[in-house]
Amino acid sequence: MRIGRANLLNLGLVLLSFAVAAALYHRLPASIPIHWNARGEANGFAPKSWGAFLMPAVMAGSYLLLRFVPRMSPRGFAVERFQRVFEIFQTTILAFLLLMTVLMLLAGIGV
């Protein structure tokens with residue numbers, strides 16, 4: 001399995017999300033918001049112990065899923081033809097999840 005620049009960038013985004021969660025962990029309250037309603041009011045909370053690393057774990061799972069999806073297809077998903085587009089798709093999804101991680105943690109510390 002070859003690890004190209006796009007995969008290194010994506011792995012870096014996942015590791016960055018864990019680093020941000022670890023850096024802000026000591027500033028988080030005992031219960032942090034993890035869900036908001038349509039009016040922007042927090043209506044779902046999680047304990048700090050696992051809530052801080054919920055989104056980074058989702059990012060890691062998404063990275064692994066997107067990394068191995070082409071190999072799981074029974075017909076051999078022809079990603080070679082669209083490799084660059086698929087890499088941009090992966091990076092976009094992970095960047096969005098990183099943004100959501102940062103926003104969730106900043107809301108948890110009251111910013």
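All residue numbers in this chain count up from 1 along the given sequence. The figures here come from the full heavy-atom set of this structure, side chains too, leaving out hydrogens, waters and symmetry mates.
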Check for me, please, whether [X] and [Y] land in the same ILVMFWY cluster - side-chain distances under 4.5 Å, paths through other members count.
| X | Y | result |
| --- | --- | --- |
| Trp36 | Phe45 | no |
| Leu9 | Leu65 | no |
| Phe68 | Leu97 | yes |

Which atom of [X] lies closest to which atom of [Y], heavy atoms considered:
| X | Y | value |
| --- | --- | --- |
| Ile32 | Ala52 | CD1-N, 3.4 Å |
| Leu66 | Phe89 | CD2-CE2, 4.0 Å |
| Met100 | Met55 | CB-CE, 3.9 Å |
| Gly108 | Pro33 | CA-CD, 3.8 Å |
| Ala21 | Leu105 | CA-CD1, 3.6 Å |
| Phe18 | Ala60 | CE1-CB, 4.2 Å |

Spatial distance of atom [atom1] ([X]) from atom [atom2] ([Y]) [nearest 0.5 Å]:
| X | Y | atom1 | atom2 | result |
| --- | --- | --- | --- | --- |
| Leu15 | Tyr63 | CG | OH | 9.0 Å |
| Met104 | Leu54 | CE | CG | 5.5 Å |
| Leu11 | Leu64 | CG | CG | 9.0 Å |

Original post:
With Ile109, which residues qualify under side-chain contact (heavy atoms from CB on, under 4.5 Å), at least two apart?
Top reply: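 With sequence neighbours excluded, Ile109 shows a side-chain contact (heavy atoms from CB on, under 4.5 Å) to Leu24, Arg27, Leu28, Leu106, Val111, given in chain and number order.
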
**OP:** Output all residues satisfying side-chain contact (heavy atoms from CB on, under 4.5 Å) with Leu98, sequence neighbours left out; order by chain, then residue number.
**Re:**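 For Leu98, the residues satisfying side-chain contact (heavy atoms from CB on, under 4.5 Å) (neighbours in sequence not counted) are Leu13, Leu16, Ser17, Met59, Val102.
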
Subject >> Partners passing ring-ring contact (aromatic ring centres under 6.0 Å, His included) against Phe53 (at least two apart in sequence or in another chain) >> reply: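 Tyr25.
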
**OP:** Look at the side chain of Glu87 and the backbone N and O of Ala6, then say whether any donor-acceptor pair between them is shorter than 3.5 Å.
**Re:** no

**OP:** Would you check if Thr92 and Phe96 make a side-chain contact, meaning some heavy-atom pair closer than 4.5 Å?
**Re:** no

Subject >> Full working for side chain to side chain contact (heavy atoms under 4.5 Å, CB included) between Leu99 and Leu103 >> reply: CA-CA 6 Å; Leu99 175 66; Leu103 292 176; 4.0 Å; yes

